Amino acid sequence: MLESMGDREKLLVGAASFIVVLALIWAGLRITAGVYEGGYEIRAVFTHVGQGLDPFSDVRVRGVRVGGVTDLELDANGNAVVTMLIEDDVRIATTATASIEPLSIFGPKFIELDLGAGEISGPFL
């Protein structure tokens, strides 16, 4: 069949195949990061995040992974809005604060949640 195709058709088939492969790689990376797992979203606003925080970064409480970063964007004031997906069985108090911590000196970063005074009694997000 490819022998009867012209150069233009071969180019279109090749481009479509390339796009499909890229989409599969993107979906695989998001599955690996836990984006499609159950949970609930929370958002935190930072004046700056620096380099090293991305949609594959962990969210941790006392060093234990409880979720992941799913999105980073800027609001109208130029602040960084970080969207996180938190596992269903983890309760985050409304008194919680978030900080961006380095995994290593030059490596990637993660979000550390300090649950605050309402850790046990709530109210919860």
Side-chain angles (χ1 to χ4, degrees):
M1 178 174 159
L2 289 177
E3 295 170 359
S4 64
M5 289 180 141
D7 289 338
R8 183 175 182 186
E9 288 83 11
K10 289 179 184 178
L11 181 64
L12 289 174
V13 169
S17 300
F18 182 71
I19 290 171
V20 168
V21 168
L22 284 179
L24 290 172
I25 290 171
W26 177 250
L29 289 173
R30 292 181 61 86
I31 287 169
T32 302
V35 171
Y36 301 115
E37 295 175 1
Y40 60 96
E41 283 189 343
I42 61 172
R43 289 181 179 80
V45 179
F46 297 93
T47 55
H48 66 282
V49 294
Q51 294 178 327
L53 190 69
D54 57 47
F56 301 106
S57 297
D58 287 347
V59 176
R60 299 177 181 194
V61 173
R62 294 186 190 95
V64 177
R65 186 182 191 284
V66 297
V69 173
T70 58
D71 191 34
L72 300 160
E73 58 187 23
L74 293 176
D75 66 10
N77 298 323
N79 295 318
V81 179
V82 178
T83 304
M84 299 166 267
L85 185 66
I86 305 298
E87 296 172 4
D88 281 326
D89 58 343
V90 176
R91 299 186 314 171
I92 305 295
T94 58
T95 57
T97 58
S99 61
I100 300 169
E101 303 293 334
L103 194 58
S104 65
I105 294 174
F106 299 110
K109 297 181 180 175
F110 65 94
I111 302 286
E112 178 70 30
L113 296 178
D114 179 358
L115 300 180
E119 175 179 4
I120 303 297
S121 59
F124 300 100
L125 299 174

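Sequence positions, counted from 1, serve as the residue numbers for this chain. Predicted model, so just to flag it, every value in this text is computed and none were measured.
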Which residue pairs satisfy the salt bridge (Lys or Arg N to Asp or Glu O under 4.0 Å) criterion with at least one member in residues 47-60, sequence neighbours excluded?
-> D58-R60, D58-R65
For the residue pair L72 and P55, establish whether any side-chain heavy-atom pair is separated by less than 4.5 Å.
-> yes
Show the numbers, then the answer: is there a side-chain contact (heavy atoms from CB on, under 4.5 Å) between I100 and I111?
-> CA-CA 5 Å; I100 300 169; I111 302 286; 3.7 Å; yes
Determine, using the 4.5 Å side-chain heavy-atom cutoff (strictly less than), whether Y40 and L113 are members of one ILVMFWY cluster.
-> yes
For E112, which residues count as a salt bridge (charged side-chain N to carboxylate O under 4.0 Å, His left out) partner, sequence neighbours excluded?
-> none
For the hydrophobic clusters of this structure (ILVMFWY residues joined by side-chain heavy atoms under 4.5 Å, transitively), does one cluster hold both F56 and I25?
-> yes
What's in the same ILVMFWY side-chain cluster as F110, cut-off under 4.5 Å, chained through other members?
-> L103
List for me each residue that meets side chain to side chain contact (heavy atoms under 4.5 Å, CB included) alongside N79, sequence neighbours excluded, and say none if there are none.
-> V45, T47, D75, N77
To the nearest 0.5 Å, tell me how far T70 OG1 sits from I86 CD1.
-> 9.0 Å
Connected to F18, directly or through other members, by ILVMFWY side-chain contacts below 4.5 Å are L22
What residues form a side chain to side chain donor-acceptor pair (under 3.5 Å) with S99, not counting sequence neighbours?
-> E101
What residue pairs, at least two apart or across chains, pass salt bridge (Lys or Arg N to Asp or Glu O under 4.0 Å) with a residue in residues 38-53?
-> E41-R43
Partners meeting side chain to side chain contact (heavy atoms under 4.5 Å, CB included) with A44 (sequence neighbours left out) | F46, M84, A98
